[in-house]
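Some notes on the structure that comes next.
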Amino acid sequence: MVRAIDKLRPATVAGGPMLKQAVVLLWAIGRAQRGADRVLTWERTHAELVPLLTAHHRSGERPGGRPDYPIAALCRGDLWTLDTSTPVPAAHGDARLHRWFDEQQPAGGLPEPVYELLRSSGLARVQIVTAIIDKFFGDFDYSAVAKAVGLGSDSIADDDPALSDEDPRDDDPKRAYQDLIEVVMKREPSTRGKRRPGVTNDPIRLAAARRSVIFRSGGLCENPACGKPAPDHTDRGHPVLEVDHVSDIATGGRDHPVQMIALCPDCHAVKTRGRSRHQLRERLLAAARDRHEAWTGTVELNAG
Ligand SMILES: [Zn+2]
């Protein structure tokens, strides 16, 4: 699917690609995450998308929230299916396309395998949303759209345990960790090269980073002096551990799992308010780095 997104050829306006196709995809991904119906009537598709497309666009993009044009483009890119016997007309002339959708009123949605993947896998979700952001948004702040479609919280990177029985990552959690780190790295604001001025608090990046640390913890407190199991699990089956930035981002800490750690509630309280918090922070910084290196294979390389 990442390749299908890369193949899309959105029209560009001053400032970058038009956002319409991206807004439609993000809306559908938000629905998949919530387990909402994959296929909607054209009437409901229209009613849900018009306000989103009206609110979220580039300044040079022709205003107007009609979803027929982006949905026709996604259809041609195999990223949307429409329940209709006549093919979507080629995109020359908005009026003809508009008439076709009015006449056909086609129900539609994401292709079923795509929907199922996006429903069950947090990793797939953050990978695909990252591809959409790279392709369409660039430095344009996507966080308002993400929030509007329900993709603005940490849960975007969570799996649905009820649906992921045969998750191959059960056998290879290190691989899952590395895939999540890849998303984190892609979204890392660079201090050297390209800046992302609009994106101050990147929800995708933070969700992927937090999820990777939970993976790495294996459900146990990562304080080496503790190692206690999480006291409970969330409704989605994830261990209740605090994922913490060992050094505050405000004081130069890095928003990256190499400087993040999963702590049980006791250790988190000590780290936040305890008299020994300064010594603990040093130990946790070392522990996070060691664990990150072990999980990404750096230690094996050095040991050889
Ligand atoms: Zn602990």
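Every number for a ligand or one of its atoms is a count from 1 in the order of the listing.
Between the side chains of Glu222 and Ser217, no donor N or O sits under 3.5 Å from an acceptor N or O.
Here His268 does not reach the Zn ion (ligand 1): none of its N/O/S atoms is less than 2.8 Å from the metal.
One finds an angle of 110° at the Zn ion (ligand 1) between SG on Cys226 and SG on Cys267, to the nearest 10 degrees. With the Zn ion (ligand 1) at the apex, Cys264 SG and Cys221 SG define an angle of roughly 120° (rounded to 10 degrees).
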Verdict with supporting geometry, Tyr177 and His292, ring pair (Phe, Tyr, Trp, His ring centres under 6.0 Å): CA-CA 9 Å; Tyr177 182 76; His292 177 74; 5.8 Å; yes
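A donor-acceptor pair under 3.5 Å is absent between the side-chain atoms of Glu61 and the main chain of His56, judged by distance alone.
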Identify every side-chain donor-acceptor pair in residues 1-18 under 3.5 Å, counting partners at least two apart or on other chains, and give the distances.
{"residue": "Arg9", "atom": "NH1", "partner": "Asp6", "partner atom": "O", "Å": "3.2"}

